[in-house]
Structure formats: C-alpha cells, structure tokens
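So the structure is just underneath, and the comments pick up after that.
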Number of protein chains: 2
Amino acid sequence: MTDETRKKSQPSGNVTLQDIAAHAGVSRSTVSLVLRESPLVAKRTREQVRRSIKALGYVYNRGAAALRATRTSTLGVVVYDIANPFFGAMVAGIDAALNREGYVSFLANSEDSPERQQRFLERMREHRVDGILLCPAEGTDPALVATLEAWKLPCVQVLRHIGTPPYDYAGTDFRRGVNLAIDHLVAHGHERIAFIGGHTEHSATRERWQGYREAIAHHGLGYQRLLRSTVTRRDGFEAIQQLLGESPAPTAVVCHNDLVAFGAMLGLQRQGLTPGVDCAVIGTDDVEEAALSAPALTSIATHPYAVGREAARLALRRIQNPDGAREQVVLAPQLRVRESCGASLARDRSLAPTP
Amino acid sequence: MTDETRKKSQPSGNVTLQDIAAHAGVSRSTVSLVLRESPLVAKRTREQVRRSIKALGYVYNRGAAALRATRTSTLGVVVYDIANPFFGAMVAGIDAALNREGYVSFLANSEDSPERQQRFLERMREHRVDGILLCPAEGTDPALVATLEAWKLPCVQVLRHIGTPPYDYAGTDFRRGVNLAIDHLVAHGHERIAFIGGHTEHSATRERWQGYREAIAHHGLGYQRLLRSTVTRRDGFEAIQQLLGESPAPTAVVCHNDLVAFGAMLGLQRQGLTPGVDCAVIGTDDVEEAALSAPALTSIATHPYAVGREAARLALRRIQNPDGAREQVVLAPQLRVRESCGASLARDRSLAPTP
DNA sequence: TTCTAGTTTTGGATCAATCCAAAAAACAAT
DNA sequence: ATTGTTTTTTGGATTGATCCAAAACTAGAA
C-alpha cells in the first residue's frame with residue numbers, strides 16, 4: 001500500500017470532485033460543470049461523469065460550494081407562534097414553494113420575543129442564508145428592516161410589517177376582511193357591532209381596526225365599540241361577557257382571530273346564550289377548526305397557505321434580483337359564512353363537516 | 001491606491017479572520033481560537049482580539065468553519081403535517097431545546113409522502129447536517145433507518161418508529177394512554193367501548209390498537225369493536241354514525257386523535273345526541289382546542305412540546321457521542337377528564353376555558 | 001495543408017475557516 | 001547564566017467546491 005493508494009481511499013472517507021474526476025478521466029472543473037448542469041460539457045463526457053458519480057456514491061457538498069459561490073440555497077423563516085395552526089399552514093405553503101426550487105429553510109419560533117428573534121437572525125447571517133422570511137415579533141424595533149438591508153440580507157415581511165416602505169411584504173388585506181364581515185352583518189340587520197382584540201401597535205392590528213372604523217362610518221352606524229385585548233381564547237371569553245354587561249350591548253362581534261371568536265362563543269354559551277341567535281360572532285383566519293365548532297364559526301378566510309407560498313416566491317425573486325423594485329403581495333380575504341353569524345343556522349348542513 | 005490597499009478594503013466587502021488578525025496584530029490561528037473560546041489564549045490577547053472583532057464588524061462564517069471542522073450546528077427535522085397543531089407544538093419544543101445549544105434546524109413537511117421525505121433527506125445530507133429528527137411518513141421503507149446509518153447521519157425517530165431496534169426514539173406511550181382511557185370508562189360503568197381510527201401499519205397506530213385490545217381483555221368485556229379509518233374529522237363524523245347503526249351499539253368511543261374525536265362529537269350532534277350523555281367520547285393528543293369544544297373534549301394528553309424537546313436532546317447527545325447506546329424516551333400520557341366522557345359534565349366549569 | 005472560428009476542457013487561484021506540529025515567549029528551577 | 005517546563009502563538013497544509021483565463025481540441029473554409 002503506497003502513500004498514493006491511502007490518499008485515494010482513506011481521507012475522511014468522503015468522495016470528492018477530485019475522486020470522480022480521476023475515475024472519469026477528466027478534470028475537477030469538468031465534473032463541477034456537470035454537477036451544475038452546464039451546457040458547455042459535451043454529451044459523452046457528461047454521461048461518463050454521471051456514471052462515475054453514481055459508481056462512487058458521491059454526495060455533493062453544498063457547504064463547500066457555497067463558500068466560493070456565495071449562494072447557499074438556504075432561507076431563514078421566523079414566525080412568532082408555530083403552535084398556532086395558522087402558522088402551521090403558512091409554513092406548509094412556504095415549504096411547498098421552496099421545495100420546488102431546491103431551497104430548504106431554517107425555521108425559528110421567536111415566541112414574540114425580539115431578543116430571540118435577533119439572536120436567530122444573527123445566526124442566520126453566520127450561516128449565510130440567501131434571505132429571510134420574517135413575521136416580526138411584537139415590539140420589534142422598526143429599524144430592524146434597515147439593519148437587515150445593511151447586512152445585505154434580503155428580507156420579506158409576512159403578515160405583519162414594520163419600518164417604512166418600500167419593503168417586500170406578503171400578507172392579507174385585513175382591512176378589507178373586516179369590511180366584508182361588517183357589510184354582511186349590516187345586510188342582515190345588525191346595527192350594534194363591536195370588535196374584539198388586538199393590543200399593540202403592530203400593523204395587522206392597525207389594519208383590522210382601520211377596517212372596523214371605516215365600515216362603521218361608511219354604514220353610518222351610531223354604535224362603535226372596539227375592545228382591546230391580547231388574542232387568546234380566554235380574552236374572547238372575557239371580552240364578550242364584559243360587552244354583554246354594557247348597555248346598549250352589541251348584537252354582533254367581529255374578532256381579531258378565530259381563537260378569540262371561539263372564546264367569545266364559549267362565553268356566550270356559559271351565559272346560556274346561543275351564538276348566531278342571541279349574538280352574532282365572526283372570527284378571522286378560517287382555521288380548520290372553524291367549520292368544526294358548534295355552532296360552526298363564520299370567519300374571514302385569510303389563506304395562510306397562499307400567503308406562505310407568495311412570501312416564498314417573493315423571496316426567491318428578490319434573491320435572483322437583489323436590486324429590483326420592492327413588491328407587496330396582498331391577498332384578498334373571503335368571508336366564509338357559517339352558523340355563528342346567524343345567517344344560515346343549522347339549515348345549511350353542507351358547510352359543517354369539511355375535511 | 002496601491003494593490004495592497006485595494007486588497008484590504010475591497011475583496012467581496014467581507015471581513016475575514018485575516019483582517020481581524022491584522023487589526024489585532026496576531027495570527028489567523030489565534031483569532032480562530034478566540035472565536036471558539038479556547039482556554040489556550042492569554043487573557044490580554046483575547047480581549048484585544050474581541051475588540052478588533054467588534055471594531056471591524058466581523059461576522060463568523062459557519063459554512064467555512066464547517067468545511068474544515070465537519071460540524072455544522074445544524075439539524076434536519078421532518079414532520080408529515082406541520083399544519084396539524086400537534087406538530088406545531090412539537091416543533092416549538094424542538095426549537096426551544098436546540099436554540100439553547102446554538103443549533104438551528106431545517107424543517108420539512110413531507111405531507112406523508114415517502115418520496116418528498118427522501119428528497120429532503122438527501123438534501124440534508126448535501127448540507128451536511130449533524131443529525132435528523134424524523135417522523136417517518138406513512139409507507140416509509142423500514143430500510144430507511146439503516147440507510148441513514150450507512151450515511152453516518154444520526155437519526156432520532158419521533159412519535160412513529162420504523163425498522164428494528166436498537167434506534168433512537170422519542171414519543172409517547174400510546175398503549176398506556178388508551179389503557180387509561182378505558183380504565184376510566186369502565187370505572188364509570190361502560191361495557192361497550194369502541195375504538196375509532198388508524199389505517200396503516202405504522203407504529204403509533206399499532207400501539208393504540210394493542211392498548212385497546214389489551215384493556216378490553218383485561219376488564220373481561222364481551223364487546224370489542226375496532227373501526228379502521230384515516231384520521232380526519234370527517235372520518236370520526238362518519239365512523240360514529242356507522243357505529244350507532246350497529247346493534248349492539250357502543251356506549252363509548254376512544255378516538256385515534258382529537259380531530260377524529262371532534263368529528264365523532266359532531267356526528268352525534270347531527271343525530272340529535274349529546275356527547276357525554278348519549279355516548280362518551282375520548283380523544284387523543286389534548287390539543288388546545290380540546291378544552292374549547294362544546295362539550296369540552298376528554299382527551300389523552302400526549303405532550304407534543306415535551307416530546308419535541310426530548311427528541312432534540314436525544315439528537316444532541318447522539319451527535320456528541322455517535323457510538324453510544326441507542327436510547328428510547330417514552331413519555332407517560334395523562335387523561336384529561338372533561339365533559340365529553342360524561343364523567344363531569346357542566347358541573348366542573350374550571351376545566352373548560354383553559355388558556 | 002493552413003487558418004479561423006467555435007466548442008470543450010483544464011489547472012491554478014480562491015473562498016474562509018480549522019488542524020497540527022513546531023516555534024516563541026514566559027516562567028521557574030538549578 | 002543556563003536549563004527545563006509550561007503557556008501562547010504561529011505558519012503552512014487542508015477542507016471541497018467554483019471561477020476564470022488560457023489551452024486543447026474540433027470542424028469547416030480557403
């Protein structure tokens with residue numbers, strides 16, 4: 001066993017470009033071109049190299065490639081509550097879109113902590129990701145967007161946005177969503193409509209509130225009641241009871257998200273009242289569980305899967321062309337009418353048990 | 001402007017070890033040691049280097065480091081349905097545990113497709129992740145575990161397991177969970193208890209069925225009815241109606257997961273029956289929504305967050321010590337008694353609106 | 001046959017870190 | 001002052017790919 005033999009078989013046990021080149025009787029560079037599907041390589045050569053790659057069980061080393069090529073085919077995704085089914089669906093959409101392009105994504109759950117978020121973003125920078133999909137944690141410094149810009153890290157904001165335009169953003173038109181809900185309620189005779197939920201200065205809350213105030217004004221309703229709160233089920237539970245104690249009490253409520261709406265329905269039931277009969281309830285997001293509750297929840301569908309997919313596409317486009325004009329993709333929401341708003345009650349049974 | 005000046009300021013705009021070394025008046029190697037917190041470096045030197053790092057705004061390049069050091073601080077996570085809140089919670093647990101150790105994770109959603117799963121695993125190999133957390137997609141070839149072993153890619157299986165022991169695994173004791181549920185039902189006088197759901201040969205289903213048969217036998221019940229199905233809400237909806245049409249019909253059902261249980265409750269209500277009164281329903285997983293339904297769902301808590309955390313810990317341990325004995329972490333489930341099993345009905349109001 | 005134009009292929013430098021054996025510096029003991 | 005230890009520091013080799021300018025082939029025309 002000469003030194004040369006050892007060198008070929010032993011070193012770290014890993015097959016490299018060099019080994020394939022030797023096996024196929026070409027140079028390292030040619031093998032590299034084959035791997036990257038370059039049209040420069042002659043057909044016969046390409047086939048021979050492919051055979052050698054198979055024969056030696058070669059595994060491409062993306063880390064090494066990235067070092068020289070400065071493209072990692074990697075993206076960082078930051079959400080603030082992955083346990084929320086809404087984000088689950090969104091991540092599924094992201095995953096599907098990235099997968100098609102050979103990208104993979106790092107996922108982090110900021111738990112709405114700007115510090116955790118910051119740590120993760122720094123780590124992403126160290127890993128040289130090509131871009132970031134960011135659902136900013138509550139209380140994120142608006143300067144963060146500029147910081148990422150300075151880092152030359154393309155960033156697409158999702159669902160919430162901070163900083164000042166232009167930036168890349170993908171989300172849903174929450175304002176329009178609330179408009180739809182209130183239009184529907186007004187058409188069914190409601191005049192006292194309250195809004196429950198949202199507690200800090202983030203864009204998604206502001207947009208909902210704006211939609212609420214705007215619609216109330218547009219329909220010339222005398223009653224306006226906006227109850228701030230965090231956005232858990234318990235908040236909905238407590239809020240509805242508070243509202244019912246007021247006079248006049250609302251005859252309908254639109255909720256920040258479906259969790260709050262579920263809580264509100266539960267609160268009504270605890271008081272012996274029936275959602276949709278004694279008080280209409282409309283949620284936001286249209287999570288899968290909305291169709292399942294009793295009564296089935298009317299909800300503003302915000303299409304999390306599609307939002308995720310669009311955000312991912314936007315990021316890929318930005319990576320291709322870092323200096324192109326920033327883009328905003330804002331999806332149109334839809335009102336899914338079920339039982340809880342009193343419009344269709346149990347008559348419409350086709351809607352209840354969706355898959 | 002000499003060539004040297006250009007070389008210092010221009011090249012790709014990125015600060016490297018070399019630049020810091022020059023700035024601090026030490027060698028590349030010393031800087032590297034400082035970055036890795038080596039105790040070899042003298043305190044004064046370390047401080048000087050730290051200052052230079054700050055001054056130049058250096059960003060560690062993990063890709064380059066990994067190339068030589070063969071440790072990427074990176075993990076691959078494969079689940080089959082990230083939109084399911086159960087997996088959301090699990091991923092949150094994984095994330096929390098990894099974060100503490102400076103690890104980040106790639107996430108992929110296999111959508112229960114072995115092909116997608118395979119593609120992702122190959123990509124993970126190319127990215128040289130240090131390990132894999134795998135919830136095997138349905139129909140995964142049991143040989144996959146051996147393949148990963150051959151790839152020298154440490155793999156911890158989660159929730160489901162394939163292949164033959166020994167392997168690393170983290171999950172919940174589904175068998176025991178079903179035992180608990182049936183013990184409880186029997187204690188409350190039920191004698192005809194059915195099980196709904198589970199449709200292919202994966203371990204998590206087998207374990208549940210085993211627990212069911214075992215408990216039925218243990219209590220010497222004459223009635224045994226196991227209804228196979230996929231595990232969506234719709235399946236529960238249909239299954240319960242089928243069961244009620246049989247004679248004798250069951251007086252209680254235990255369901256593969258909470259979705260199926262929700263469906264079963266809905267099915268009962270469609271027939272004008274009340275869950276917990278006319279037929280007891282128990283789910284599995286104790287997702288957040290379980291406490292929210294009406295009636296509130298009794299469920300076998302399977303602790304997804306803890307499972308995720310334990311799986312991540314196991315993986316990190318295996319990476320530290322690739323040849324250590326394989327470990328299985330199996331968490332004990334708990335029965336969360338609420339209204340749907342008839343045991344506590346509306347009397348017990350403390351349980352319903354949990355956060 | 002020679003020259004040109006086009007098609008393939010190639011070797012050396014490079015990306016940014018770590019490893020390692022050996023050198024240098026600091027300190028203690030003789 | 002000399003030697004021996006221990007503590008720090010270092011330069012060159014290495015990791016595995018890509019980039020790029022130049023070299024080596026083809027094939028067709030003069």
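The figures that follow rest on heavy atoms only: side chains count, while hydrogens, waters and symmetry mates do not. Reminder, nothing fancy here: chain letters follow the sequence lines and each chain counts from 1.
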Atom pair distance, as rounded to whole Å: CD in B/Q18 and P in C/dA17: 10 Å
Whole-Å distance separating the NE2 atom of B/H127 from the C1' atom of D/dG16: 15 Å
Sugar-phosphate, base or nothing in reach of B/T16, heavy atoms under 4.0 Å: sugar-phosphate
Heavy-atom closest pair, residues B/P304 and B/F86: CB-O, 3.4 Å
d(CD, A/E47; C1', C/dT8) in whole Å: 15 Å
Nearest listed nucleotide, side chain of A/N61, among C/dT10, D/dA17, C/dA16: D/dA17
Aromatic plane relationship, B/F106 with B/H127 - under 30° parallel, 30 to 60° tilted, over 60° perpendicular: tilted
Interatomic distance, A/R46 CZ vs C/dT7 C1' [rounded to whole Å]: 13 Å
Separation of atom CG in B/L67 from atom P in C/dT14, rounded to whole Å: 17 Å
Donor-acceptor pair under 3.5 Å, A/R28 side chain vs C/dG12 base: yes
Whole-Å gap separating C1' (C/dC15) and CD (A/E126): 18 Å
Nucleotide of D/dA13, D/dT9, C/dA13 approaching B/R68 most closely (side-chain heavy atoms): D/dA13
Residue whose closest nucleotide on DNA chain C lies nearer the 5' end, A/V41 versus B/A65: A/V41
Interatomic distance where CZ belongs to B/R44 and C1' belongs to C/dA26 [whole Å]: 13 Å
Candidate nucleotides C/dT8, D/dT9, C/dA16, ranked by approach to the side chain of B/T45 - the nearest: D/dT9
Among A/Q328, A/E327, A/H161, the one residue meeting side chain to side chain donor-acceptor pair (under 3.5 Å) with A/Y167: A/H161
Donor-acceptor pair present, A/R62 side chain and D/dG16 base, under 3.5 Å: no
Nearest-angstrom distance from the residue atom NZ of B/K43 to P of C/dA26: 18 Å
Under-4.0 Å side-chain N/O to phosphate OP1/OP2 contact, A/S29 with C/dT9: no
SG-CZ distance between B/C155 and B/R326, expressed to the nearest 0.5 angstrom: 10.0 Å
Closest to the A/A69 side chain, choosing from D/dC19, D/dT10, C/dT9: D/dC19
Residue B/A42, side-chain heavy atoms: nucleotide from C/dT8, D/dG16, D/dT9 that is nearest: D/dT9
Candidates D/dG16, D/dT10, C/dA17 - which lies nearest the side chain of A/N14: D/dG16
Phosphate contact (D/dT15 OP1 or OP2) by B/R128 side-chain N/O below 4.0 Å: no
Minimal non-hydrogen separation, A/M90 against A/C135, with atom names: CE-SG, 3.6 Å
